[in-house]
Amino acid sequence: MRRELTVRGTRDFYPDSYDRIRFLFESWRKTARSYGFEEIEAPMIETLELYRIKSGDEIVGQLYHFTDKGGRELALRPELTPTVARMIAAVQNQIAKPIKWFSIPRCMRYEKPQKGRLREFFQLNVDVVGEDSETADLEVIGVAIDSLIDLGLTEKDFVVKINNRDFVSEYFRHEGIDPAIEHGLFKVIDNAPKAPPEATEDALRKLPLSEEQRGGIESYLRLATAEDLRSLDFESAGRDSLSRLFGLLDTAGFGPYCSFDPSVVRGLDYYTGTVFEIFDRSERMRAICGGGRYNHLLREFSGQDLPACGFGMGDVVLSEILQDRGLFPPYSPPLDYYLVRISGEQLPLLLKTARVLRRRGLRVEYSYGEQNVKKQMARASKLGASKVLIFGEDEIARGRLVEKDLATGEEREVSFPRS
Ligand code: HAM
């Protein structure tokens with residue numbers, strides 16, 4: 001096939017790879033529902049304006065956008081959070097809070113395709129809206145952790161790195177850093193773990209910072225544990241919130257999966273307090289998941305502040321990890337019965353029987369063309385059928401069929417299945 005017919009950074013899902021993605025979706029759904037989240041879906045296309053509101057330059061720069069035949073500027077969704085904000089703004093006075101929604105959107109970002117990053121991917125997206133407490137943050141982080149545990153991963157495989165944007169701002173203000181450069185500074189910090197140290201030093205030098213302030217940022221980046229936070233000698237509401245969150249995470253049994261990390265500030269502009277990212281402990285790949293609190297995004301849509309917290313967990317990095325660890329179940333095409341006929345004469349009875357079994361919810365196949373019995377049996381094995389039903393002349397005359405269990409090779413006579 002000509003290569004250019006496939007869009008770069010997209011994937012075709014053949015039956016076996018689609019089976020793996022379905023396995024992932026089923027596990028995600030099960031966990032989100034176990035926390036009481038309700039599932040939503042929304043359009044793949046949105047107005048370009050929706051993303052200009054507050055996602056930040058990085059995401060806007062990665063948008064697939066176009067002008068439609070009616071002259072409207074539209075974009076393919078790169079994430080679901082602005083859509084969730086738009087949907088909530090439309091109904092927020094009619095529904096009880098907190099609103100707990102999840103979805104599994106297909107998203108598009110014009111990024112450089114690389115290991116763990118594509119242009120088209122799926123996300124588990126989970127949000128709690130209308131609640132501004134660390135308990136809501138705990139629930140959101142809990143769904144993320146339990147999703148990974150349900151897939152077979154353990155605390156040895158992944159870590160949730162947590163920080164609080166208010167704390168970071170308060171720290172920098174304490175160092176006398178101008179709040180006007182905070183946005184740029186957050187970008188440098190967000191990039192620091194992915195960039196060589198010289199690049200981070202260079203980027204810091206480009207910001208209007210004194211030698212002392214640069215030293216303050218370096219000390220900040222050296223903070224390593226929740227104890228380090230406690231020892232800081234200034235008042236910080238963000239730090240207190242972090243401490244409460246770590247306390248709750250410990251109490252709920254999530255402590256071993258979580259740690260404080262000063263470099264987590266998140267690249268999207270709408271985040272406010274708690275922020276977190278989940279990584280494979282080997283740190284060889286990009287984040288499995290990212291999220292946090294966005295208390296002011298809803299105001300952009302409805303004029304009213306409504307606190308919110310959530311995350312997006314992508315399928316690409318996660319699938320690579322599950323594949324690596326052998327955690328995907330082996331693919332077996334689903335088939336309960338393969339119906340085998342000795343000759344064309346048995347076809348009418350076979351068709352009726354197939355229908356009866358299928359209406360019982362069983363998965364049934366048979367050969368469409370005339371084939372000898374050996375070929376039909378070979379096809380049944382190839383398809384992984386559990387059982388074969390043989391339509392033989394003599395047995396049919398006695399009102400019977402032969403059922404063969406392909407796993408054990410056992411054969412027995414059975415009566416015609418009737419509806
Ligand atoms: P994000 O950090 O941009 O956050 O994306 C979340 C996750 O989606 C990433 O950790 C990664 O697993 C996956 N992801 C992002 N871009 C790509 C890509 N190009 N290829 C493969 N996977 C990718 C958000 O999207 C926020 N809207 C999450 C959120 C929900 N915050 C609050 N609620």
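Whatever order the structure lists them in is the order used to number ligands and atoms, beginning at 1.
Under a 4.0 Å criterion applied to the non-hydrogen atoms of Val316, ligand 1 contributes the atoms 21 (C). Close approach of ligand 1 to Asn125 (heavy-atom distance below 4.0 Å) involves ligand atoms 30 (C). Interface atoms of ligand 1 facing Ala287, defined by a heavy-atom separation under 4.0 Å, are 10 (O), 11 (C), 12 (O). Within the listing of ligand 1, atoms 16 (N), 17 (C), 18 (C), 19 (N) sit less than 4.0 angstrom from a heavy atom of Glu111. Ligand-side atoms of ligand 1 in range of Cys289: 10 (O), range being under 4.0 angstrom from any heavy atom. Counting the atoms of ligand 1 from 1 in the order shown, those under 4.0 Å from a heavy atom of Glu79 are 24 (C), 25 (O), 26 (C), 27 (N). Below 4.0 Å from some heavy atom of Ile288 lie the following atoms of ligand 1, by number and element: 10 (O), 12 (O). Within ligand 1, the atoms closer than 4.0 Å to a non-hydrogen atom of Gly290 are 10 (O), 28 (C), numbered from 1 in the order shown.
Taking the centre and axis of the six-membered ring of Phe260, the NZ or CZ atom of Lys161 falls outside the cone set by 45° and 6.0 Å. For the pair Arg119 and Tyr110, the distance from NZ or CZ to the six-membered ring centre is under 6.0 Å and the angle to the ring normal is within 45 degrees.
Among the atoms of Gly314, some N or O lies under 3.5 angstrom from an N or O of ligand 1. Between Leu118 and ligand 1, an N or O atom pair is found at a separation short of 3.5 Å. Polar contact check, Met313 against ligand 1: no nitrogen or oxygen pair lies under 3.5 Å apart. In terms of polar-atom proximity, defined here as any N/O pair under 3.5 Å, Asp127 does make such a contact with ligand 1.
Ranking the protein heavy atoms by distance from atom 15 (C) of ligand 1 puts Arg109 NH1, 3.4 Å first. Distance from atom 18 (C) of ligand 1 to its nearest protein heavy atom, with residue and atom name: Arg117 CD, 3.2 Å. Atom 14 (N) of ligand 1 has its closest protein heavy atom at Phe121 CE1, 3.6 Å. Ranking protein heavy atoms by distance to atom 5 (O) of ligand 1, first place goes to Gln123 NE2, 3.3 Å. The nearest protein atom to atom 7 (C) of ligand 1, hydrogens excluded, is given as Gly312 O, 3.3 Å; this is a heavy-atom distance. Regarding atom 24 (C) of ligand 1, its nearest protein heavy-atom neighbour is Leu268 CD1, 3.7 Å. Shortest contact from atom 4 (O) of ligand 1 to any protein heavy atom: Arg266 NH2, 3.0 Å. The nearest heavy-atom contact from the protein to atom 30 (C) of ligand 1 is Thr81 OG1, 3.2 Å.
Taking the six-membered ring for Trp and the full ring otherwise, Tyr171 and Phe234 have centroids separated by under 6.0 Å. Checked against the 6.0 Å centroid threshold, Tyr35 and Phe102 do not count as a close aromatic pair. Checked against a 6.0 Å centroid threshold, the rings of Phe279 and Phe158 do not count as neighbours.
Neither the backbone nor the side chain of Asp315 has any atom closer than 4.0 Å to an atom of ligand 1 (non-hydrogen atoms only). The backbone of Phe311, and not its side chain, has at least one atom closer than 4.0 Å to an atom of ligand 1 (non-hydrogen atoms only; backbone = N, CA, C, O).
For the ligand labelled ligand 1, residue Val317 lies outside the 4.0 Å heavy-atom shell. For the ligand labelled ligand 1, residue Arg286 lies outside the 4.0 Å heavy-atom shell. Proximity of Tyr270 to ligand 1 is established by a heavy-atom distance of less than 4.0 Å. Ligand 1 has at least one atom lying under 4.0 Å from a heavy atom of Gly116.
Within the 3.5 Å criterion, the main-chain N or O of Ser210 finds a donor-acceptor partner in the side chain of Gln213.
In the model, Glu170 has a side-chain atom that pairs as donor or acceptor with a side-chain atom of Ser236 under 3.5 Å. For Asp150 and Ser27, the side-chain atoms include at least one donor-acceptor pair closer than 3.5 Å. For the residue pair Ser133 and Glu131, a side-chain donor N or O sits within less than 3.5 Å of a side-chain acceptor on the partner. Residues Glu182 and Ser169 have side chains that bring a donor and an acceptor to within less than 3.5 angstrom of each other.
At most 12 non-hydrogen atoms from other residues, nucleotides or ligands lie less than 6.0 angstrom from OH of Tyr18. Counting heavy-atom neighbours within 6.0 Å of Glu38 CD, excluding the residue itself, gives a total of 12 or less.
In this pair, Phe167 and Tyr220 present their aromatic rings tilted. The plane angle is within the 30 to 60° band.
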Review point. Going through the distances and angles, do Lys187 and Asp190 end up as a salt bridge (Lys or Arg N to Asp or Glu O under 4.0 Å)?
Key: CA-CA 5 Å; Lys187 293 267 174 260; Asp190 182 49; over 6 Å; no
Practice item. Show your reasoning for whether side-chain hydrogen bond (donor to acceptor under 3.5 Å, both in side chains) applies to Glu134 and Ser241. Key: CA-CA 7 Å; Glu134 286 83 18; Ser241 171; 2.7 Å; yes
